[in-house]
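Heads up, the thing below is written out as structure tokens.
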Amino acid sequence: MEKITIEEGLKKNGYHISTVVGDSMMPILRNRRDMVKIVPVSGRLKKYDLPLYKRPTGEYVLHRIVKVKNDCYIICGDNRFLREKVPFDWIVGVTESIFRDEKEISVNNPEYIKYVKKICKTFWIRRIKRKIKKMLAI
């Protein structure tokens, strides 16, 4: 079987489905258990979109847009606290749906949107709690 890149698959098929690896998008995406359907980007992405981007090192990353700037996106994993500037040309595709426990969840699903807004709204609270826990552990 011929192995093709994600970019080639998007161009050829119009989508790419893959199992996620890592814990940066927990709890919505579980390591090696959930899958995502990535589609090509049409136009500028918006806050809360979940793009797949490729760093210059060749590493693919799936994190959420928390802010759109004139020259880049500010992106962060739901289970992370460091934000990253991602130039528009690093974007490979954007998540259209999530497959969790054999159920497809559209990124337009009202429950999903509710989760996304909550996780983004509580970012600073979660970050402060984490710092306090670290200080108490010393």
Side-chain angles (χ1 to χ4, degrees):
M1 183 177 198
E2 179 187 343
K3 189 171 182 172
I4 62 173
T5 67
I6 293 172
E7 294 89 340
E8 291 168 339
L10 284 170
K11 195 176 228 179
K12 181 179 177 186
N13 304 317
Y15 67 91
H16 174 80
I17 296 176
S18 181
T19 301
V20 296
V21 176
D23 65 356
S24 67
M25 288 302 296
M26 288 278 291
I28 195 70
L29 295 174
R30 300 167 301 178
N31 183 32
R32 300 186 190 277
R33 290 177 62 191
D34 299 324
M35 298 189 314
V36 290
K37 180 179 181 183
I38 306 295
V39 296
V41 175
S42 58
R44 181 79 54 100
L45 297 176
K46 58 191 184 310
K47 185 176 181 177
Y48 305 134
D49 281 345
L50 190 56
L52 176 70
Y53 60 99
K54 188 175 182 180
R55 292 181 176 143
T57 60
E59 177 186 24
Y60 288 100
V61 181
L62 186 73
H63 282 171
R64 190 170 313 286
I65 295 175
V66 293
K67 187 173 187 174
V68 178
K69 295 188 135 196
N70 289 333
D71 60 342
C72 67
Y73 299 111
I74 305 300
I75 296 183
C76 187
D78 290 355
N79 193 28
R80 295 291 183 261
F81 297 103
L82 294 176
R83 294 177 176 205
E84 181 175 8
K85 280 185 176 181
V86 174
F88 299 140
D89 63 345
W90 286 13
I91 304 297
V92 173
V94 65
T95 304
E96 180 180 83
S97 58
I98 293 167
F99 297 89
R100 184 180 176 99
D101 298 329
E102 298 181 29
K103 189 186 293 184
E104 184 174 8
I105 303 165
S106 167
V107 295
N108 298 315
N109 176 300
E111 288 298 313
Y112 174 81
I113 294 169
K114 184 178 172 183
Y115 160 81
V116 169
K117 289 182 177 181
K118 178 184 175 190
I119 204 77
C120 289
K121 197 179 284 184
T122 61
F123 172 81
W124 293 107
I125 295 167
R126 292 181 293 116
R127 187 173 183 177
I128 290 167
K129 281 183 178 179
R130 183 171 183 235
K131 283 188 178 199
I132 291 170
K133 279 183 183 179
K134 275 187 168 181
M135 287 173 29
L136 293 174
I138 293 175

Please determine whether side chain to side chain contact (heavy atoms under 4.5 Å, CB included) holds for the pair Leu52 and Val61, giving the CA-CA distance in whole Å, both sets of side-chain angles, and the decisive distance to 0.1 Å. CA-CA 6 Å; Leu52 176 70; Val61 181; 5.9 Å; no
Linking I/L/V/M/F/W/Y whenever any side-chain heavy atoms sit under 4.5 Å apart, do [X] and [Y] land together?
| X | Y | result |
| --- | --- | --- |
| Phe99 | Val39 | yes |
| Leu29 | Val107 | yes |
| Val92 | Val36 | yes |
| Ile75 | Val66 | no |
| Val86 | Val94 | yes |

Any salt bridge linking Lys118 with Asp78? Criterion: basic side-chain nitrogen under 4.0 Å from a carboxylate oxygen.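 Looking at Asp78 together with Lys118, the answer is no, because their closest N to O distance does not fall below 4.0 Å.
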Grab the two heavy atoms, one from [X] and one from [Y], that are nearest each other, plus how far apart they are.
| X | Y | answer |
| --- | --- | --- |
| Pro40 | Gly14 | CD-O, 3.2 Å |
| Arg33 | Thr19 | N-CG2, 4.2 Å |
| Ser106 | Ser97 | CA-CB, 4.0 Å |

Suppose the criterion is side chain to side chain donor-acceptor pair (under 3.5 Å): which pairs have a residue in residues 83-95, not counting sequence neighbours?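 Output for this query lists Tyr53-Glu84, Arg55-Glu84.
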Scan for side chain to side chain donor-acceptor pair (under 3.5 Å) pairs involving residues 36-45, sequence neighbours excluded, and state none if there are none.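 Residue pairs passing side chain to side chain donor-acceptor pair (under 3.5 Å), neighbours aside: Lys37-Glu96.
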Value rounded to 0.5 Å, distance of [atom1] in [X] from [atom2] in [Y]:
| X | Y | atom1 | atom2 | answer |
| --- | --- | --- | --- | --- |
| Ile28 | Tyr115 | CD1 | OH | 5.0 Å |
| Trp124 | Arg126 | CH2 | CZ | 11.0 Å |
| Leu50 | Ile38 | CG | CD1 | 6.5 Å |

Counting C-beta onward and ignoring hydrogens, is there a side-chain heavy-atom pair between [X] and [Y] closer than 4.5 Å?
| X | Y | result |
| --- | --- | --- |
| Arg100 | Ile105 | yes |
| Phe123 | Ile128 | no |
| Met25 | Ile119 | no |
| His63 | Cys76 | no |

Looking at [X] and [Y], would you say the former's side chain and the latter's main chain have a donor-acceptor pair under 3.5 Å?
| X | Y | answer |
| --- | --- | --- |
| Asp23 | Met26 | no |
| Asp49 | Pro51 | no |
| Asn31 | Gly22 | yes |
| Tyr73 | Leu45 | yes |
| Thr5 | Glu8 | yes |

Test side chain to side chain contact (heavy atoms under 4.5 Å, CB included) on Ile65 and Tyr48 and set out the steps. CA-CA 5 Å; Ile65 295 175; Tyr48 305 134; over 6 Å; no
Would Asp101 and Arg30 count as a side chain to side chain contact (heavy atoms under 4.5 Å, CB included) if you check the C-alpha gap in whole Å, the side-chain angles of each, and the deciding distance to 0.1 Å? CA-CA 10 Å; Asp101 298 329; Arg30 300 167 301 178; 2.9 Å; yes
Is the number of heavy atoms from other residues, nucleotides or ligands under 6.0 Å of Phe81 CZ greater than 12?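 Above 12, so yes.
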Can Met35 and Ser18 be said to form a side chain to side chain contact (heavy atoms under 4.5 Å, CB included), step by step? CA-CA 5 Å; Met35 298 189 314; Ser18 181; over 6 Å; no
